[in-house]
Amino acid sequence: MDDLLILRHFSLQGHPSKAPVIKSVIWSPPDPGWIKVNTNGTAMGSPGFGGCGGIFRNCKAFVKGCFAIPLGQVFAFKAELLAASLAINFAWKYGWHHLCLESDSSYVVQLLSSRSELVPWRFRQAWQRYIF
């Protein structure tokens with residue numbers, strides 16, 4: 001609203017953009033004995049300042065751990081890929097070998113599901129450890 005008032009002060013017409021489609025998403029717990037991690041990565045621009053993070057929860061939704069890491073100038077895909085990679089790394093470090101990873105990046109999910117090696121070369125060695 002403040003932005004519209006500023007535009008009107010300079011005799012400019014502004015039209016607020018339409019709200020995006022809002023979907024209700026309900027988190028579902030993993031099976032007993034499993035840990036679920038929800039990850040996300042983002043960048044403000046292409047590339048832009050970005051970061052990634054994740055939250056680990058058990059079957060009773062108890063938070064077992066989380067991480068948030070600033071990444072500097074990155075593309076959004078790199079931030080998403082790093083979020084998934086770091087989540088897997090943290091899970092193995094803490095002995096959580098039954099891991100369910102959720103990401104909003106369909107490309108990262110496809111790479112993991114297919115055990116693909118089509119990742120940027122800088123991440124390939126670590127990626128191969130995760131998928132095999």
Side-chain angles (χ1 to χ4, degrees):
M1 194 63 177
D2 291 337
D3 292 338
L4 290 175
L5 292 173
I6 292 169
L7 288 174
R8 287 196 182 124
H9 177 75
F10 291 105
S11 300
L12 299 171
Q13 294 297 318
H15 301 284
S17 60
K18 292 183 179 180
V21 176
I22 298 172
K23 291 182 182 180
S24 177
V25 178
I26 298 172
W27 183 85
S28 59
D31 291 333
W34 285 73
I35 297 291
K36 181 182 275 190
V37 60
N38 295 87
T39 64
N40 198 14
T42 189
M44 294 177 61
S46 189
F49 184 76
C52 67
I55 183 167
F56 297 87
R57 291 180 269 195
N58 67 12
C59 64
K60 295 183 180 183
F62 180 78
V63 175
K64 301 288 284 180
C66 57
F67 67 96
I69 300 172
L71 299 173
Q73 293 289 316
V74 294
F75 288 95
F77 169 71
K78 180 179 177 182
E80 292 279 7
L81 184 63
L82 283 170
S85 297
L86 288 166
I88 293 168
N89 190 34
F90 287 139
W92 281 93
K93 178 180 175 181
Y94 292 107
W96 302 328
H97 300 290
H98 297 291
L99 182 70
C100 175
L101 186 142
E102 287 187 344
S103 170
D104 64 350
S105 170
S106 58
Y107 190 53
V108 169
V109 171
Q110 187 230 345
L111 287 172
L112 281 167
S113 299
S114 66
R115 297 180 177 261
S116 175
E117 294 187 36
L118 298 175
V119 297
W121 66 268
R122 291 178 23 195
F123 306 112
R124 191 158 296 145
Q125 185 177 10
W127 188 258
Q128 288 172 336
R129 280 196 319 257
Y130 301 143
I131 63 173
F132 294 112

Output a table of donor-acceptor pairs, distance under 3.5 Å, between side-chain atoms of residues 104-112 and any protein atom two or more places apart or on a different chain; print 'none' if there are none.
| residue | atom | partner | partner atom | Å |
| --- | --- | --- | --- | --- |
| S105 | OG | V108 | N | 3.2 |

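- L101 and F90 fall within a single hydrophobic cluster, where Ile, Leu, Val, Met, Phe, Trp and Tyr are joined by side-chain heavy atoms under 4.5 Å apart, directly or via other members.
- Counting heavy atoms from C-beta on, the side chains of K64 and I35 come closer than 4.5 Å.
- Residue pairs meeting the side-chain hydrogen bond (donor to acceptor under 3.5 Å, both in side chains) criterion with at least one member in residues 24-34, sequence neighbours excluded: W27-N38, S28-K36.
- Counting heavy atoms from C-beta outward, F62 and R57 have side chains that stay 4.5 Å or more apart.
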Which donor-acceptor pairs under 3.5 Å do side chains of residues 39-55 form with protein atoms, sequence neighbours excluded?
| residue | atom | partner | partner atom | Å |
| --- | --- | --- | --- | --- |
| T39 | OG1 | E102 | O | 3.4 |

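- Counting heavy atoms from C-beta outward, F67 and F56 have side chains that approach closer than 4.5 Å.
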